**Q** 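Structure provided below as structure tokens; questions to follow.
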There are 2 protein chains.
Amino acid sequence: MTFELTKEYLSRIQDAISLHDATTLRAEMDALYPADISGILYELDTEQARYLLTLLDNEVGAEILANLDPAVRLDLLATFDSAELAPLVNVMDSDDAVDLLNEQPIRVREEIIGLLEDREQARFILDLLHYDEDVAGGLMQKELIKINVNLTVNACIEEIREQAENVEKVYSVYVVDDVGKLLGLVSLKKIVLARRTAKIADIYDKDIIFVETYRPVDEVAEVMQRYDLDAIPVVNVQGRLLGRITIDDVVDVITEQAEEDIQVISGLSGEVEEDDTVWARSKVQLPWLIAGAVGSLLAATVINGFQSELGKIAALAAFIPIIGSTGGNVGIQTSSLILQSLADTSGLSTPPGRRLLRTLLVAVINGLVVGLIAGLYTFLIGQPRLFPVVATALLAVVLLASFMGTVTPLLLNRIGINPAVASGPFITTANDLIGIGVYFLIADLLLAEL
Amino acid sequence: MTFELTKEYLSRIQDAISLHDATTLRAEMDALYPADISGILYELDTEQARYLLTLLDNEVGAEILANLDPAVRLDLLATFDSAELAPLVNVMDSDDAVDLLNEQPIRVREEIIGLLEDREQARFILDLLHYDEDVAGGLMQKELIKINVNLTVNACIEEIREQAENVEKVYSVYVVDDVGKLLGLVSLKKIVLARRTAKIADIYDKDIIFVETYRPVDEVAEVMQRYDLDAIPVVNVQGRLLGRITIDDVVDVITEQAEEDIQVISGLSGEVEEDDTVWARSKVQLPWLIAGAVGSLLAATVINGFQSELGKIAALAAFIPIIGSTGGNVGIQTSSLILQSLADTSGLSTPPGRRLLRTLLVAVINGLVVGLIAGLYTFLIGQPRLFPVVATALLAVVLLASFMGTVTPLLLNRIGINPAVASGPFITTANDLIGIGVYFLIADLLLAEL
């Protein structure tokens, strides 16, 4: 059904590249979709990828470049000069062109824009370069079909014909007034079914969902998902139509956001892939490991302060792992629930006080159950005098970790930091540390012999 | 721009419901999109929601029901009898109708299907009920527009006109032969621009991406995302066109999958929301907490076995937290990288041997750094004789946790279990346990006085 890259196929392509066999390569690539060729480029070295790319039509090459992972693209494009890149950027969708240009040094960016044959494309790009990549303006493309409200269906079809090459996906035609203010839309289905002489004013849909350029990208994603939209028009504060965002770009945003959240929860400090170099991976893994180590060494300091207690009752050490891991697990669970509810904006949001109360009630139940299990275990290892210490400490730890797991993401969210970090190893370690302090303090309080 | 639910608005609606003020409610709901009304239903009790829903047109009601969270929907629909539900199911998209019916008891399901006025809808539903929900067949809808290859653009437009009400989103018209085999498609844009008398055979696009009914849903999502598709046709093994999957449903699948992964990584054993009842939350959190507790109590047994060692050198206990947390953190990082690369099927997959080798190289670097930091700390607390023990143990722990973090998700994936569980607290605790065993064994080996 779809193309699947095999070792055999890849080595055939690599052989053809080393022989500079342009005919074979063109024929092979002709049978593939651009997205599949992107997959092949990942497996080639930069020189091979460059050679293959230069064999292809500009349209195909542009689409491949738009698909490529930014890190790979940057390496690959370093071997191209501005005169080689301009024809590719010339035929790209404006949003993809801007993404690509934003990765380049300012000098190269300006050179390429100066070399663009399509001056409308150059204007589009200059417009889009103003926006941050995390707002609607940074995600939109300028390619869209719009029509003045005073025209007819026939004029509309002519406009589609004229723009057909520039605008790949047409879901609907946007309707604007004389100053370009967005009034509504006509779906392509309606245009197919309408009489050619019908007036746009009579048939267009005034009930339209749009976003302003400054809206955050995740809000755009949420709106498009809630209303099942294929594309959403983007307007400025005066309501003038500036561009549109299509669902495929939003799908990419959703996927990236999910990957980033998982990365943060997993304690990876940056984007990295499993097949990156050993150094690249180590660089991303080490910061959290070191932060975690420092946290645990603080816990070590606490434990070291209770050496004389441990000297008297060595079995106290046996419960250090359960105190630490329970605190960590409860913290992750709680903050993950808060994260999920922060992401869901469809209903009314719960007031923080009520959240906390409910979470603490859950914590009481969970703390009592886990405390009881661990408490019973003290009998098993013949240390029943530790029962009250272990049970009380676990209840306290579950309560504290639930509190931290609720408050931390809410606070981070308030000050504009990705609240997913609250589920990361850092907080886990903080809970670990607090838990151990509480454990030994309770031991000191409850055990007469210490 | 879009509707935002406020407390004031909600209490106005609730007042109108308690007064049975149908006129006000109909007027208010008329101004909203179905997705917004769904948001309101979440905040109402079942009786209020039922009343509001019965006031609305069937088309609007059907769309609201299709949007609703299954748990809420089940409660709400328990107050409806089959004769009340049938008119709503009658006008739903077939895929949504099947999702809703699958939640109902078989008796209700058959009653409703029997009561459907639209017999084509009944046939659609009976067709779709055969498929599991996690394959393409379970995600597809029967509503689509198809045309015989021997007809003309004009016939195609007539077909669109006839189906316009049933098929909400038309991206393209699928082209089939006399036995219904999928041959290709014509985009709606092409239809708008084509001459009415043009033959479909001359203008249709033969180069088409499709899926078979039995393909797993995540494969469908990956394909649609890779090729930026708005809809994908679904065929049976003979290549006959059976339905289509639209991008909005795939976006929902992607979002749910991401939420589920984060849930699993966070140690929540089932779907739960922060504002569920205290019991519901505890039920989902406790299984992992207990599993974690049992793991940590095994670690306690190990530590308890080294009581005499701890009695001699109480400071050994101080490094229990860093051993445990480092093992856990490395395990999560490694398995999360493997997960990410399992999800990415665009290139060649790395052979397991090479993965492991690279991961272990990263582990050597990370283990040496963390081991050194903790080793230096032994001097700080005046326990330099613990330096070789702590440093060696940490290196061993990082290596072991990296090994486990690589192998576990690969094995789980091979035997068909969601590999995200390898990042969960269970594996973290397993790493914790192994780490502590290794630590005390190394202490026994290296410290002459034990």
Side-chain angles (χ1 to χ4, degrees), chain A residues 2 5 35 39 42-43 160-161 170 188-189 192-193 223 225-228 247-248 251 258 266-267 274-275 278 281-282 285 289 292-293 296-297 299-300 303-304 307 310-311 314 317-318 320-322 324-325 329 332-333 336-337 341 346-348 350 361-362 365-366 370 373 377 381 425 429, chain B residues 2 5 35 39 42-43 160-161 170 188-189 192-193 223 225-228 247-248 251 258 266-267 274-275 278 281-282 285 289 292-293 296-297 299-300 303-304 307 310-311 314 317-318 320-322 324-325 329 332-333 336-337 341 346-348 350 361-362 365-366 370 373 377 381 425 429:
Chain A
T2 52
L5 183 57
Y42 289 129
E43 308 295 331
I160 296 174
R161 197 182 307 279
V170 185
L188 211 50
K189 183 168 94 175
V192 169
L193 300 180
V223 167
Q225 200 172 352
R226 186 181 337 154
Y227 300 104
D228 289 346
I247 186 69
D248 52 330
V251 171
S266 310
E274 194 236 344
D275 57 357
V278 170
R281 277 185 52 181
S282 191
Q285 292 184 240
L289 289 181
S296 298
L297 290 176
I303 296 172
N304 207 42
Q307 263 196 61
L310 277 165
I320 293 176
I322 196 172
S325 68
N329 289 345
I332 293 181
Q333 289 182 333
S336 148
L337 285 172
S341 94
S346 64
L348 282 176
T350 321
L361 283 176
V362 176
I365 300 175
N366 294 350
V370 175
I373 292 174
Y377 184 79
I381 61 167
T429 309
Chain B
T2 54
L5 183 57
Y42 289 129
E43 307 295 330
I160 297 174
R161 196 182 308 278
V170 185
L188 210 51
K189 183 168 93 177
V192 169
L193 300 180
V223 168
Q225 200 171 351
R226 187 182 336 155
Y227 299 105
D228 287 346
I247 186 69
D248 51 332
V251 170
S266 310
E274 195 235 344
D275 57 358
V278 170
R281 276 185 54 181
S282 190
Q285 291 185 241
L289 289 180
S296 298
L297 290 175
I303 297 172
N304 206 43
Q307 262 195 60
L310 277 166
I320 293 176
I322 195 171
S325 69
N329 289 346
I332 293 181
Q333 289 182 333
S336 148
L337 286 171
S341 93
S346 63
L348 282 177
T350 321
L361 284 175
V362 176
I365 300 176
N366 294 350
V370 176
I373 292 175
Y377 183 79
I381 60 165
T429 309

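Small disclaimer: the values here were computed from a predicted structure and weren't measured. Every chain is numbered from 1, with letters handed out A, B, ... down the list of sequences.
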**Q** Quick one: does A/I247's side chain get under 4.5 Å of B/V251's, heavy atoms only?
**A**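 SC-SC contact between A/I247 and B/V251 confirmed.
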**Q** Closest approach of B/G292 and A/S325, non-hydrogen atoms and distance?
**A**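 Closest pair (atom of B/G292, atom of A/S325, distance): O-OG, 4.4 Å.
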**Q** Quick check for you: to the nearest 0.5 Å, what is the distance between B/L337 atom CG and A/Q285 atom CD?
**A**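 B/L337 atom CG to A/Q285 atom CD measures 5.5 Å (nearest 0.5 Å).
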**Q** Most heavy-atom pairs under 4.5 angstrom with chain A, which of B/A258, B/A314, B/A35, B/S282?
**A**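 The residue among B/A258, B/A314, B/A35, B/S282 with the greatest pair count is B/S282.
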**Q** Could you have a look at A/L188, A/I381, A/L361 and say which one has the most heavy-atom pairs with chain B under 4.5 angstrom?
**A**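 Looking at each of A/L188, A/I381, A/L361 in turn, A/L188 comes out on top.
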**Q** Side-chain contact, heavy-atom cut-off 4.5 Å: B/I160 with A/L193?
**A**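 With C-beta onward as the side chain, the pair touches.
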**Q** Which atoms form the tightest heavy-atom contact between B/S296 and A/P321, and what is the distance?
**A**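 Looking at all heavy atoms of both residues, the closest pair is OG-O, 3.8 Å.
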**Q** Heavy-atom pairs under 4.5 Å with chain B: which of A/I320, A/I303, A/N366, A/N304 has the most?
**A**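 Of the options given, most contacts go to A/N366.
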**Q** Could you tell me if the side chain of A/I365 sits less than 4.5 Å from the side chain of B/V278, heavy atoms only?
**A**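 B/V278 reaches A/I365 side chain to side chain.
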**Q** Counting C-beta onward and ignoring hydrogens, is there a side-chain heavy-atom pair between A/V170 and B/V192 closer than 4.5 Å?
**A**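 Result no, sub-4.5 Å side-chain heavy-atom pair not found.
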**Q** How long is the gap from CG on B/L310 to CD on A/Q307, to the nearest 0.5 Å?
**A**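 If I round to the nearest 0.5 Å, the distance is 10.5 Å.
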**Q** So which of B/V370, B/L297, B/D248 has the biggest tally of heavy-atom pairs under 4.5 Å with chain A?
**A**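 Most heavy-atom pairs under 4.5 Å with chain A: B/L297.
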